[in-house]
Number of protein chains: 2
Amino acid sequence: MRQPLPADMFDELCPSSLNPIRFGDKWAALVIRCLEHGPRRFSELRVPLRRVTPKVLTQSLRSLERDGLVRRTVRTPHVEYELTPVGRSMLEPMAVACAWAERHWDELLDARESYDNANRLDRAR
Amino acid sequence: MRQPLPADMFDELCPSSLNPIRFGDKWAALVIRCLEHGPRRFSELRVPLRRVTPKVLTQSLRSLERDGLVRRTVRTPHVEYELTPVGRSMLEPMAVACAWAERHWDELLDARESYDNANRLDRAR
DNA sequence: CAGCATCCTACCTGATACTG
DNA sequence: CAGTATCAGGTAGGATGCTG
(Lines give C-alpha, C1' and ligand atoms only; values in the text may rest on other atoms or scores of the structure.)
Protein backbone atom coordinates (compact mmCIF):
# COMPACT_ATOMS: atom_id res chain seq x y z
CA MET A 1 0.00 0.00 0.00
CA ARG A 2 1.02 3.60 -0.52
CA GLN A 3 2.90 5.22 2.29
CA PRO A 4 1.19 7.95 4.24
CA LEU A 5 2.61 11.37 3.55
CA PRO A 6 5.20 12.40 6.12
CA ALA A 7 4.17 15.30 8.28
CA ASP A 8 7.50 17.03 7.83
CA MET A 9 7.43 16.62 4.07
CA PHE A 10 7.71 20.33 3.47
CA ASP A 11 9.44 21.49 6.60
CA GLU A 12 12.86 21.82 5.09
CA LEU A 13 12.58 22.44 1.42
CA CYS A 14 10.33 24.38 -0.84
CA PRO A 15 9.70 27.67 0.91
CA SER A 16 7.47 28.21 -2.05
CA SER A 17 6.29 31.54 -0.79
CA LEU A 18 9.80 32.89 -1.24
CA ASN A 19 10.40 31.24 -4.57
CA PRO A 20 9.88 33.67 -7.42
CA ILE A 21 8.58 30.80 -9.52
CA ARG A 22 5.07 29.85 -8.59
CA PHE A 23 2.60 27.28 -9.81
CA GLY A 24 -0.94 28.33 -9.22
CA ASP A 25 -1.69 29.65 -5.78
CA LYS A 26 0.44 29.47 -2.70
CA TRP A 27 -0.01 25.78 -2.02
CA ALA A 28 -0.81 24.32 -5.42
CA ALA A 29 2.68 23.05 -6.15
CA LEU A 30 2.86 21.25 -2.82
CA VAL A 31 -0.53 19.67 -3.38
CA ILE A 32 0.57 18.40 -6.76
CA ARG A 33 3.68 16.88 -5.26
CA CYS A 34 1.55 15.16 -2.64
CA LEU A 35 -0.49 13.53 -5.39
CA GLU A 36 2.54 12.48 -7.39
CA HIS A 37 2.40 8.85 -6.37
CA GLY A 38 -1.32 8.26 -6.40
CA PRO A 39 -4.67 9.48 -5.11
CA ARG A 40 -5.00 10.95 -1.65
CA ARG A 41 -7.82 11.87 0.63
CA PHE A 42 -8.37 15.34 2.03
CA SER A 43 -7.23 14.27 5.47
CA GLU A 44 -4.11 12.68 4.04
CA LEU A 45 -3.17 15.92 2.37
CA ARG A 46 -3.68 17.76 5.60
CA VAL A 47 -0.80 15.90 7.23
CA PRO A 48 2.12 17.40 5.29
CA LEU A 49 0.07 20.55 4.73
CA ARG A 50 -0.80 20.91 8.36
CA ARG A 51 -0.10 24.62 8.33
CA VAL A 52 -2.81 25.17 5.75
CA THR A 53 -6.31 25.70 7.05
CA PRO A 54 -8.99 23.44 5.56
CA LYS A 55 -10.64 26.37 3.88
CA VAL A 56 -7.50 27.39 2.06
CA LEU A 57 -6.66 23.81 1.12
CA THR A 58 -10.15 23.42 -0.30
CA GLN A 59 -9.71 26.59 -2.31
CA SER A 60 -6.45 25.34 -3.71
CA LEU A 61 -7.94 21.99 -4.63
CA ARG A 62 -10.97 23.58 -6.26
CA SER A 63 -8.73 25.80 -8.31
CA LEU A 64 -6.65 22.84 -9.43
CA GLU A 65 -9.82 20.97 -10.26
CA ARG A 66 -11.11 23.90 -12.26
CA ASP A 67 -7.95 23.94 -14.33
CA GLY A 68 -8.27 20.21 -14.95
CA LEU A 69 -5.06 19.39 -13.11
CA VAL A 70 -6.69 17.45 -10.32
CA ARG A 71 -9.77 15.26 -10.32
CA ARG A 72 -12.00 15.01 -7.29
CA THR A 73 -13.83 11.71 -6.99
CA VAL A 74 -16.41 10.76 -4.42
CA ARG A 75 -15.56 7.15 -3.75
CA THR A 76 -17.96 6.50 -0.94
CA PRO A 77 -17.32 6.71 1.90
CA HIS A 78 -14.34 8.83 0.98
CA VAL A 79 -13.33 11.62 -1.34
CA GLU A 80 -10.21 11.16 -3.37
CA TYR A 81 -8.03 13.62 -5.18
CA GLU A 82 -5.72 12.55 -7.95
CA LEU A 83 -3.69 14.08 -10.72
CA THR A 84 -5.13 14.13 -14.21
CA PRO A 85 -2.72 13.52 -17.10
CA VAL A 86 -2.45 17.28 -17.54
CA GLY A 87 -1.77 17.69 -13.86
CA ARG A 88 0.91 15.07 -14.05
CA SER A 89 2.47 16.82 -17.03
CA MET A 90 3.05 19.78 -14.76
CA LEU A 91 5.59 17.82 -12.76
CA GLU A 92 8.16 18.40 -15.46
CA PRO A 93 8.18 22.22 -15.47
CA MET A 94 7.98 22.02 -11.69
CA ALA A 95 11.08 19.89 -11.54
CA VAL A 96 12.92 22.34 -13.77
CA ALA A 97 11.81 25.21 -11.57
CA CYS A 98 12.90 23.32 -8.46
CA ALA A 99 16.30 22.62 -9.96
CA TRP A 100 16.66 26.29 -10.77
CA ALA A 101 15.67 27.29 -7.27
CA GLU A 102 18.08 24.85 -5.67
CA ARG A 103 20.93 26.02 -7.82
CA HIS A 104 20.31 29.71 -7.23
CA TRP A 105 18.73 29.77 -3.82
CA ASP A 106 21.76 31.04 -1.96
CA GLU A 107 22.51 33.72 -4.50
CA LEU A 108 18.93 34.85 -4.29
CA LEU A 109 18.94 35.13 -0.52
CA ASP A 110 22.28 36.91 -0.54
CA ALA A 111 21.03 39.37 -3.15
CA ARG A 112 17.97 40.11 -1.08
CA GLU A 113 19.97 40.64 2.05
CA SER A 114 22.43 42.99 0.39
CA TYR A 115 19.63 44.91 -1.23
CA ASP A 116 17.71 45.25 2.00
CA ASN A 117 20.80 46.26 3.92
CA ALA A 118 21.76 48.87 1.36
CA ASN A 119 18.23 50.13 1.45
CA ARG A 120 18.15 50.34 5.20
CA LEU A 121 21.36 52.35 5.21
CA ASP A 122 19.91 54.63 2.58
CA ARG A 123 16.95 55.42 4.69
CA ALA A 124 19.08 55.91 7.78
CA ARG A 125 21.13 58.55 6.02
CA MET B 1 22.27 48.41 -33.05
CA ARG B 2 19.66 46.59 -31.07
CA GLN B 3 16.13 46.81 -32.36
CA PRO B 4 13.58 48.75 -30.38
CA LEU B 5 11.06 46.52 -28.69
CA PRO B 6 7.85 46.18 -30.70
CA ALA B 7 4.82 47.73 -29.09
CA ASP B 8 2.69 44.69 -29.80
CA MET B 9 5.27 42.30 -28.39
CA PHE B 10 2.84 40.89 -25.85
CA ASP B 11 -0.46 41.50 -27.53
CA GLU B 12 -0.99 37.99 -28.71
CA LEU B 13 0.87 35.56 -26.57
CA CYS B 14 1.60 35.14 -22.92
CA PRO B 15 -1.62 35.98 -21.12
CA SER B 16 0.58 35.52 -18.11
CA SER B 17 -2.16 36.51 -15.74
CA LEU B 18 -4.09 33.40 -16.73
CA ASN B 19 -1.11 31.11 -16.75
CA PRO B 20 -0.91 29.06 -13.58
CA ILE B 21 2.87 29.21 -13.80
CA ARG B 22 4.18 32.56 -12.68
CA PHE B 23 7.60 34.07 -12.36
CA GLY B 24 7.72 36.74 -9.73
CA ASP B 25 4.98 39.33 -9.91
CA LYS B 26 2.53 39.91 -12.68
CA TRP B 27 4.93 41.52 -15.15
CA ALA B 28 8.30 40.09 -14.12
CA ALA B 29 8.42 37.41 -16.79
CA LEU B 30 7.66 39.92 -19.53
CA VAL B 31 10.31 42.30 -18.25
CA ILE B 32 12.87 39.51 -18.30
CA ARG B 33 11.98 38.67 -21.85
CA CYS B 34 12.38 42.29 -22.81
CA LEU B 35 15.92 42.24 -21.44
CA GLU B 36 16.82 38.98 -23.12
CA HIS B 37 18.88 40.55 -25.89
CA GLY B 38 20.60 43.29 -23.98
CA PRO B 39 20.13 46.26 -21.68
CA ARG B 40 17.12 48.51 -22.01
CA ARG B 41 16.08 51.83 -20.65
CA PHE B 42 12.95 52.42 -18.65
CA SER B 43 11.23 54.16 -21.52
CA GLU B 44 12.14 51.32 -23.88
CA LEU B 45 10.48 48.84 -21.59
CA ARG B 46 7.39 50.98 -21.47
CA VAL B 47 6.76 50.43 -25.17
CA PRO B 48 5.84 46.73 -25.15
CA LEU B 49 4.61 47.11 -21.57
CA ARG B 50 2.47 50.08 -22.40
CA ARG B 51 -0.42 48.77 -20.35
CA VAL B 52 1.68 48.84 -17.21
CA THR B 53 1.74 52.09 -15.28
CA PRO B 54 5.20 53.48 -14.48
CA LYS B 55 4.67 52.89 -10.80
CA VAL B 56 3.94 49.21 -11.27
CA LEU B 57 6.79 48.76 -13.72
CA THR B 58 9.13 50.38 -11.23
CA GLN B 59 7.92 48.04 -8.52
CA SER B 60 8.50 45.05 -10.72
CA LEU B 61 11.99 46.21 -11.64
CA ARG B 62 12.87 46.92 -8.02
CA SER B 63 11.73 43.47 -7.03
CA LEU B 64 13.80 41.88 -9.78
CA GLU B 65 16.74 43.98 -8.70
CA ARG B 66 16.30 42.92 -5.10
CA ASP B 67 16.41 39.28 -6.11
CA GLY B 68 19.57 39.90 -8.11
CA LEU B 69 17.94 39.03 -11.42
CA VAL B 70 18.23 42.49 -12.92
CA ARG B 71 20.88 45.14 -12.49
CA ARG B 72 20.02 48.82 -12.59
CA THR B 73 22.83 51.01 -13.77
CA VAL B 74 22.91 54.77 -13.93
CA ARG B 75 24.83 55.39 -17.13
CA THR B 76 24.47 59.14 -17.31
CA PRO B 77 22.39 60.57 -18.79
CA HIS B 78 20.38 57.36 -18.83
CA VAL B 79 19.38 54.49 -16.62
CA GLU B 80 19.81 50.99 -17.93
CA TYR B 81 18.36 47.72 -16.85
CA GLU B 82 19.98 44.45 -17.79
CA LEU B 83 19.84 40.82 -16.81
CA THR B 84 22.41 39.49 -14.39
CA PRO B 85 23.75 35.98 -15.01
CA VAL B 86 21.23 34.67 -12.51
CA GLY B 87 18.47 36.56 -14.24
CA ARG B 88 19.55 35.11 -17.55
CA SER B 89 19.52 31.62 -16.04
CA MET B 90 15.84 32.09 -15.44
CA LEU B 91 15.16 32.04 -19.16
CA GLU B 92 15.49 28.27 -19.17
CA PRO B 93 12.74 27.42 -16.65
CA MET B 94 10.67 30.13 -18.29
CA ALA B 95 11.04 28.49 -21.66
CA VAL B 96 10.00 25.15 -20.19
CA ALA B 97 6.99 26.77 -18.56
CA CYS B 98 6.07 28.46 -21.82
CA ALA B 99 6.32 25.20 -23.70
CA TRP B 100 4.07 23.57 -21.12
CA ALA B 101 1.54 26.37 -21.38
CA GLU B 102 1.47 26.25 -25.16
CA ARG B 103 0.97 22.52 -25.18
CA HIS B 104 -1.80 22.52 -22.60
CA TRP B 105 -3.40 25.87 -23.09
CA ASP B 106 -6.49 24.64 -24.88
CA GLU B 107 -7.08 21.83 -22.43
CA LEU B 108 -6.77 24.29 -19.62
CA LEU B 109 -9.29 26.71 -21.08
CA ASP B 110 -11.70 23.90 -21.87
CA ALA B 111 -11.43 22.55 -18.36
CA ARG B 112 -12.16 25.95 -16.92
CA GLU B 113 -15.16 26.45 -19.13
CA SER B 114 -16.65 23.07 -18.29
CA TYR B 115 -16.04 23.61 -14.63
CA ASP B 116 -17.59 27.06 -14.64
CA ASN B 117 -20.56 25.88 -16.66
CA ALA B 118 -21.20 22.94 -14.38
CA ASN B 119 -20.93 25.28 -11.45
CA ARG B 120 -23.33 27.77 -12.92
CA LEU B 121 -25.89 25.02 -13.50
CA ASP B 122 -25.42 23.86 -9.94
CA ARG B 123 -26.22 27.26 -8.59
CA ALA B 124 -29.18 27.66 -10.92
CA ARG B 125 -30.74 24.49 -9.59
C1' DC C 1 -14.31 12.93 7.37
C1' DA C 2 -14.50 16.80 4.40
C1' DG C 3 -15.54 20.49 4.36
C1' DC C 4 -18.56 25.55 4.73
C1' DA C 5 -19.58 30.35 6.87
C1' DT C 6 -17.87 34.56 8.56
C1' DC C 7 -14.87 37.88 9.33
C1' DC C 8 -10.65 40.10 8.73
C1' DT C 9 -5.99 41.67 7.08
C1' DA C 10 -2.38 42.35 3.92
C1' DC C 11 -0.84 42.59 -0.41
C1' DC C 12 -1.09 43.24 -5.24
C1' DT C 13 -2.41 46.00 -8.84
C1' DG C 14 -3.98 50.07 -10.92
C1' DA C 15 -5.63 55.12 -11.93
C1' DT C 16 -4.31 59.61 -11.63
C1' DA C 17 -1.49 63.34 -10.85
C1' DC C 18 2.93 65.33 -10.05
C1' DT C 19 8.47 66.04 -10.00
C1' DG C 20 13.93 66.48 -10.02
C1' DC D 1 13.63 60.73 -18.85
C1' DA D 2 12.69 58.11 -14.98
C1' DG D 3 10.48 57.98 -11.93
C1' DT D 4 7.38 59.32 -6.95
C1' DA D 5 2.94 60.37 -4.28
C1' DT D 6 -1.58 59.43 -3.20
C1' DC D 7 -5.70 57.01 -3.26
C1' DA D 8 -8.53 53.09 -4.13
C1' DG D 9 -10.26 48.35 -5.50
C1' DG D 10 -9.93 43.60 -5.58
C1' DT D 11 -8.20 39.30 -4.30
C1' DA D 12 -5.43 36.00 -1.75
C1' DG D 13 -4.65 34.16 2.43
C1' DG D 14 -5.77 33.13 7.10
C1' DA D 15 -8.24 32.71 12.07
C1' DT D 16 -12.00 30.87 14.14
C1' DG D 17 -15.99 28.37 14.66
C1' DC D 18 -19.59 25.33 12.89
C1' DT D 19 -21.87 21.25 10.03
C1' DG D 20 -23.94 17.16 7.09
Side-chain angles (χ1 to χ4, degrees), chain A residues 4-5 10 14-31 34-35 39-67 70-82 112 116 119 122-123, chain B residues 4-5 10 14-31 34-35 39-67 70-82 112 116 119 122-123:
Chain A
L5 296 166
F10 299 121
C14 278
S16 69
S17 53
L18 298 178
N19 195 324
I21 311 181
R22 279 192 39 176
F23 295 80
D25 61 23
K26 186 171 179 182
W27 305 103
L30 303 190
V31 171
C34 287
L35 298 176
R40 296 288 181 180
R41 289 184 285 145
F42 192 82
S43 52
E44 286 183 285
L45 295 173
R46 292 207 63 194
V47 174
L49 299 169
R50 63 193 188 284
R51 282 192 292 266
V52 189
T53 63
K55 192 203 86 172
V56 173
L57 180 56
T58 301
Q59 280 177 1
S60 197
L61 285 165
R62 290 287 183 279
S63 169
L64 288 166
E65 201 191 342
R66 183 169 106 102
D67 284 355
V70 162
R71 181 169 32 246
R72 177 181 183 276
T73 314
V74 182
R75 238 186 273 285
T76 317
H78 294 309
V79 179
E80 273 190 355
Y81 293 94
E82 62 188 322
R112 279 187 194 175
D116 291 345
N119 230 307
D122 271 0
R123 266 182 289 140
Chain B
L5 296 166
F10 299 122
C14 277
S16 70
S17 54
L18 298 178
N19 196 324
I21 310 181
R22 280 192 38 176
F23 294 79
D25 62 23
K26 186 170 180 183
W27 306 105
L30 303 190
V31 171
C34 287
L35 298 176
R40 296 286 181 180
R41 289 184 285 146
F42 192 82
S43 53
E44 286 183 285
L45 295 173
R46 292 206 65 193
V47 175
L49 299 169
R50 63 193 189 284
R51 281 192 292 266
V52 188
T53 63
K55 191 201 85 170
V56 173
L57 180 56
T58 302
Q59 280 177 2
S60 196
L61 285 165
R62 291 287 183 279
S63 168
L64 288 166
E65 201 191 345
R66 183 170 107 101
D67 284 356
V70 161
R71 181 170 30 248
R72 177 181 182 278
T73 313
V74 182
R75 238 187 273 286
T76 316
H78 293 308
V79 178
E80 272 189 353
Y81 293 94
E82 63 187 322
R112 280 187 193 174
D116 291 346
N119 230 307
D122 271 359
R123 267 183 287 139

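Every chain is numbered from 1, with letters handed out A, B, ... down the list of sequences.
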Roughly how bent is the helix from C:dC1-D:dG20 to C:dG20-D:dC1 end to end, in steps of 10 degrees, with each end axis from five pairs? 60°

On a heavy-atom basis, the closest approach of A:Arg40 and A:Glu44 is NH1-OE2, 3.1 Å

Please report, rounded to the nearest Å, how far the P atom of D:dC1 is from the CD atom of B:Glu80. 14 Å

Could you report the tightest heavy-atom contact between A:Phe10 and A:Arg51, atom names first, then the distance? O-NH2, 4.2 Å

A:Arg40 CZ to C:dA2 P: how many Å, rounded? 13 Å

Check every strand shown and say whether B:Arg46 touches a base, only sugar-phosphate, or nothing at a heavy-atom separation below 4.0 Å. nothing

Less than 4.5 Å apart, side chain to side chain, heavy atoms only: is that true for A:Leu64 and A:Asp25? no

Rounded to whole angstrom units, what separation is found between the CZ atom of A:Arg41 and the P atom of C:dG3? 12 Å

Among C:dA2, C:dG3, D:dG3, the nucleotide that comes nearest once only the side chain of B:Tyr81 is considered: D:dG3

Does D:dG3 have its OP1 or OP2 closer than 4.0 Å to a side-chain nitrogen or oxygen of B:Arg62? yes

Close N or O pairs between protein and nucleotides 12-16 of chain D (under 3.5 Å):
{"residue": "D:dG13", "atom": "OP1", "partner": "A:Arg22", "partner atom": "NH2", "Å": "3.0"}
{"residue": "D:dG13", "atom": "OP1", "partner": "A:Lys26", "partner atom": "N", "Å": "3.0"}
{"residue": "D:dG14", "atom": "OP1", "partner": "A:Lys26", "partner atom": "NZ", "Å": "2.6"}
{"residue": "D:dG14", "atom": "OP2", "partner": "A:Trp27", "partner atom": "NE1", "Å": "2.9"}
{"residue": "D:dG14", "atom": "N7", "partner": "A:Lys55", "partner atom": "NZ", "Å": "2.9"}
{"residue": "D:dG14", "atom": "O6", "partner": "A:Lys55", "partner atom": "NZ", "Å": "2.2"}

Starting at CZ of B:Arg50 and ending at C1' of C:dA15, how long is that distance when rounded to a whole Å? 18 Å

Taking CD from B:Glu44 and C1' from D:dC1, how many angstroms apart are they, rounded to a whole number? 12 Å

Rounded to the nearest 0.5 angstrom, the CG-CZ distance for B:Leu57 and B:Arg62 is 9.5 Å

Do A:Arg75 and A:Glu80 sit within salt-bridge range, that is, some charged N less than 4.0 Å from a carboxylate O? yes

Write down the atom of A:Arg46, the atom of A:Val52, and the distance for their closest heavy-atom approach. NH2-O, 3.8 Å

Spacing of B:Phe23 atom CZ relative to C:dC12 atom C1', expressed in whole Å: 19 Å

Please report the distance, rounded to the nearest Å, between CG in B:Leu57 and P in C:dA15. 13 Å

Any non-hydrogen side-chain atom of B:Cys34 less than 4.5 Å from a side-chain atom of B:Tyr81? no

Any chance you could measure A:Arg71, atom CZ, to A:Glu82, atom CD, to the nearest 0.5 Å? 5.0 Å

Indicate the atoms forming the closest heavy-atom contact of B:Val47 with B:Leu5, along with that distance. CG1-O, 3.5 Å

